[in-house]
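So the structure is just underneath, and the comments pick up after that.
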There are 2 protein chains.
Amino acid sequence: MEQHFQKKFNHLKELCSQKGLRLTHQRTEVLRELASAKDHPSAETLYSRVKGRVPAISLDTVYRTLGTFMDLGLAAKVPVDGDLGRFDGDVSPHHHVVCVCCGAIRDFIWDEVSCGELPAEVTDWCHVTDTQVIVRGICRDCKGSDS
Amino acid sequence: MEQHFQKKFNHLKELCSQKGLRLTHQRTEVLRELASAKDHPSAETLYSRVKGRVPAISLDTVYRTLGTFMDLGLAAKVPVDGDLGRFDGDVSPHHHVVCVCCGAIRDFIWDEVSCGELPAEVTDWCHVTDTQVIVRGICRDCKGSDS
DNA sequence: TTTGTATTAGGAATAATTCCTAACAACCGA
DNA sequence: TCGGTTGTTAGGAATTATTCCTAATACAAA
Ligand SMILES: [Mn+2]
Ligand SMILES: [Mn+2]
Ligand SMILES: [Zn+2]
Ligand SMILES: [Zn+2]
């Protein structure tokens, strides 16, 4: 899991020098936390986690850093409803299942879709940059304790 | 296109009497506008359109009505990023392409996915209520006029 | 019609995200 | 190693989509 961060960190380092960005402590620690997170955290959640390592960090910095990471292709926002944006440090092609009850988000792969070819009406209308499946449902935990 | 509304209207009428809801002028007109819209309008957009028919309608009523329609299964929110929620009066299973530049949203069907079977890890984790593909890209119109 | 109650209009409140700016700290070259 | 340049941050204010509050309204059952 730390190896995973190292790889991303080197990527960030390279992109920073390329684009004239600075490799700050804040960016490093947000990346570390995002790389190890498996729950697609919100900015607020990430903020409280990173605060353990960088007590003086501000919420705005977390938002700004996530924006920067998305521009650099190091992070993505998961397209789910809900008032809080959910972020993903894994930018490899994969899909998401979200529980509409508790908001939990899980990854899954579906090769038949990822490797399939989009209908021509889609590729004809736009230059595709990302394709993903969003499954909504109610998870087992919420199923048991329904009010 | 009006036939389409009639069908939905009858459905609303039935659901209202079932659930003790009232068939108000506002609900009727929001449904009419949503049924004829093909652009997945935001609440604000829908508000300005419905205002032509119901000048005194409030934005809150549009939001509340859309919430009611979603509860009743007459409308859905399209899971796209952006500050404005985008709504869909078509609840039949279909997918969406969104231009990350101008925000345009188009429908498409992809039977290989819709009729395909989800991986067991998904159906095992939750009770699935909805599956859809979200394609992001840059549309032809935006491609030409890029800044 | 009458009456009970769900619904609305309008404005206030909430809350996620962004903006503003002085202080700070990477990073480059000497 | 040491300044100087300038991108970045912390903190709080501002913005804005959406929701809440409440008196007035208008469905719908009888
Ligand atoms: Mn993911
Ligand atoms: Mn649609
Ligand atoms: Zn759940
Ligand atoms: Zn476009």
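Convention: sequence-line order gives letters A, B, ...; per-chain numbering from 1.
Looking at which nucleotide of DNA chain D each of A:Gly20 and B:Ser42 is closest to, the 5′-most match is held by A:Gly20. With DNA chain C read from its 5' end, the first of the two nearest nucleotides for B:Pro55 and A:Leu84 is the one closest to B:Pro55.
The separation between A:Leu59 atom CG and C:dC19 atom P is 14 Å, rounded to whole Å. Straight-line distance from the CG atom of B:Leu46 to the P atom of D:dT18: 12 Å, rounded to whole Å. What separates CG of A:Asp83 from P of D:dT19 is a distance of 9 Å, to the nearest Å. Rounded to whole Å, atom C1' of C:dT7 lies 17 Å from atom CG of B:Leu31. Look at CG on B:Leu12: it is 14 Å from P on D:dC27, rounded to the nearest Å. One atom, CZ of B:Arg53, and another, P of C:dT8, lie 17 Å apart when rounded to the nearest Å. When rounded to the nearest whole Å, the span between NZ of A:Lys51 and P of D:dA10 equals 10 Å. Residue B:Tyr47 contributes atom OH, which lies 12 Å from atom C1' of C:dG11 at whole-angstrom precision.
Checked against C:dA9, D:dA17, C:dT18, the side chain of A:Tyr63 finds its nearest nucleotide in C:dT18. When each of D:dA10, C:dA9, D:dA17 is scored by its nearest atom to the side-chain atoms of B:Asp60, the top-ranked nucleotide is C:dA9.
Within 6.0 Å of the CD atom in A:Gln18, the count of heavy atoms belonging to other residues, nucleotides or ligands exceeds 12. Within 6.0 Å of the CD1 atom in B:Ile109, the count of heavy atoms belonging to other residues, nucleotides or ligands does not exceed 12. More than 12 heavy atoms of other residues, nucleotides or ligands lie within 6.0 Å of CZ in A:Arg86, so this atom counts as buried by the packing criterion.
For the pair B:Glu33 and B:Arg53, the salt-bridge criterion is met [side-chain N within less than 4.0 Å of a carboxylate O]. Salt bridge A:Arg49/A:Asp39: present, at least one basic N to carboxylate O contact under 4.0 Å.
Classified by interplanar angle (parallel below 30°, tilted 30° to 60°, perpendicular above 60°), the ring pair A:His94/A:His40 is tilted.
Residue A:Arg64 places at least one side-chain N or O under 4.0 Å from the OP1 or OP2 atom of D:dT9. Neither OP1 nor OP2 of C:dT8 sits under 4.0 Å from any side-chain N or O of B:Thr61.
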Going through the distances and angles, do A:Gln132 and A:His96 end up as a side chain to side chain donor-acceptor pair (under 3.5 Å)? CA-CA 8 Å; A:Gln132 74 173 283; A:His96 293 102; 2.8 Å; yes
A correct 5'-to-3' footprint of nucleotides 24-29 of chain C, with B, S and - meaning base, sugar-phosphate only and no protein heavy atom under 4.0 Å, is -BBS--
